[in-house]
Amino acid sequence: MTKEISKVAVIGLGTMGAGIAEVFAKGGYAVRGIEYNDAALDRGRAILQKSTGRAVKRGKMSEEDAAALIGRIQFSTDNTDVSDCDLVIEAVNENPELKASIFRVIDEAAPEHAILATNTSSLSITAIAAVTKNPSRVVGVHFFNPAPVQKLVEVIRTLHTADEHVDRLIGLLRSLGKEPILCRDRAGFIVNALLIPYLSNAVRLYEEHYCTREELDSAMVEQAGYPMGPLQLCDLVGNDVALAVLERMYEETKDRRNAPPALLTSMVEAGLLGNKSGRGFYTYDEKGATDDPGPVSLPRQTRGDELPLRLVAPYLNEALRMVQTGYAIPNDIDTGMQLGCRMPGPFQMLAEIGPKEVLTAQQAVFAETAEPGDKPVRLLEQLAYALAPASAVQDIRDWT
Ligand SMILES: NC(=O)c1ccc[n+]([C@@H]2O[C@H](COP(=O)([O-])OP(=O)(O)OC[C@H]3O[C@@H](n4cnc5c(N)ncnc54)[C@H](O)[C@@H]3O)[C@@H](O)[C@H]2O)c1
């Protein structure tokens, strides 16, 4: 039964949940914000007040609108308080048992037509849905931090999720000014599944004395037009975060390319987490990166001239695999990487570089690594051998 969404519950008002509640309340929806006790509720309310207060200070919202926004949120400490909600978004801590217990409760308490969504970053949506009686209404909605500001939202469907719920959710997010992108349920969704292996490849090249960290980072910035080099970005994302995503991807795929590089693991063990710990691939002081030598000594042989294609080709190969396997469409992948990482979209890059050049570079990667996953995907070969490769790339960019 399809029904208009008018009331939204958000469970867990931490960093993400408070931001998500703000998004819906700002859009005029009645919101129920739920925490597990009064003290946690006070913390959630404070996050909301701070965020809306900041928007008022910056002139992005009037004081009256901020007060009206908060006024649209009813607070509760009861997870069963969702019986009048059309959409329930769970944003509690990243703990599978906790999430499963919440889904058991909301599955019973929410009306039959309600969509049940989780904001998990790394857990299987399918496994979360499996604890419910009706997994067809369970979907992933992965907001980015800070949710009121970041437009990108990954919407994740499982093998069970009904089209009707996906369509309603995507329409709703668009009406709130968000840019939803759709994918299936695999570790890393779209953005992390492309970003983190790209970072891991860079770490591996550095670890293998392929080139210096400066060569790696400047090739990606100066030649590929990325806003930041991969080792700088790994430090910024947090080497522990990158490691956790890789571990999860490796666990799911058993693809050795996703096995964390030994250097990354030992850096995390040594506390070299990146910007947040003051030291990672670079050492940071209050002015930024210093000129310390970094965790790996100088390369034995410099192959910096093979950059940036040595890093870009596997990244594009993976994006093409996503399309070839029906995991996501090119436009959504480009939007995800542009909005989520400020990186050029892979299909935009493929059009600029040309599929023939990318295929040649990826063949060289495969010849070197002999990893089955590095074999150029069929779609890349088809584009490269097309009579008019540029228009063939444009054709697939238009796929919906
Ligand atoms: N922080 C990020 O950048 C980010 C980005 C995207 C997605 N996520 C995902 O969003 C989810 C929440 O992350 P976060 O960073 O907001 O965490 P957080 O720790 O800031 O917030 C979690 C909140 O859940 C509440 N909570 C715990 N148990 C509860 C219960 N039984 N009932 C109701 N509320 C309960 C906690 O009190 C806390 O306020 C996680 O799944 C995380 O992976 C986080």
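Remember, it's 1-based here, ligands and their atoms both numbered in the order they're listed.
- For atom 21 (O) of ligand 1, the nearest non-hydrogen atom of the protein is Gly14 CA, 3.3 Å.
- Residues satisfying the ring pair (Phe, Tyr, Trp, His ring centres under 6.0 Å) test with Phe189, not counting sequence neighbours, are His142.
- Annotation: side chain of Glu247 is in contact with side chain of Pro260 (closest heavy-atom distance under 4.5 Å).
- With hydrogens and angles left out, the side-chain atoms of Ser136 and Asn134 include a donor and acceptor closer than 3.5 Å.
- Protein heavy atom at the shortest distance from atom 37 (O) of ligand 1 is Glu35 OE1, 2.8 Å.
- By the criterion of a heavy-atom distance under 4.0 Å, neither the backbone nor the side chain of Leu123 is placed next to ligand 1.
- Remark: among candidates Asn93, Val141, Val92, Val10, the nearest residue to atom 11 (C) of ligand 1 is Val92, based on non-hydrogen atoms.
- In terms of protein heavy-atom proximity, atom 28 (N) of ligand 1 is closest to Leu98 CD2, 3.6 Å.
- Of all protein heavy atoms, the one lying nearest to atom 30 (C) of ligand 1 is Tyr36 CB, 3.7 Å.
- Qualifying side chain to side chain donor-acceptor pair (under 3.5 Å) partners for Arg32, counting only residues two or more places apart in sequence or in other chains: Gln74, Asp84.
- The backbone N or O of Ala25 lies less than 3.5 Å from a partner atom in the side chain of Arg72, making a donor-acceptor pair.
- For a threshold of 3.5 Å applied to N or O pairs, the pair formed by His142 and ligand 1 contains no separation below that value.
- Among Ser121, Gly17, Gly140, Pro96, the residue whose heavy atom lies nearest to atom 8 (N) of ligand 1 is Ser121.
- Note on ring orientation: taking the six-membered ring where Trp is involved, the planes of Tyr198 and Tyr226 are tilted (angle from 30° to 60°).
- Looking at ligand 1, you'll find an N or O of Met16 within less than 3.5 Å of one of its N or O atoms.
- At under 3.5 Å, not a single nitrogen or oxygen of Glu90, backbone or side chain, sits near a nitrogen or oxygen of ligand 1.
- There is a protein heavy atom closer than 4.0 angstrom to atom 34 (N) of ligand 1.
- Between Phe24 and Ile89 the shortest side-chain heavy-atom distance falls below 4.5 Å.
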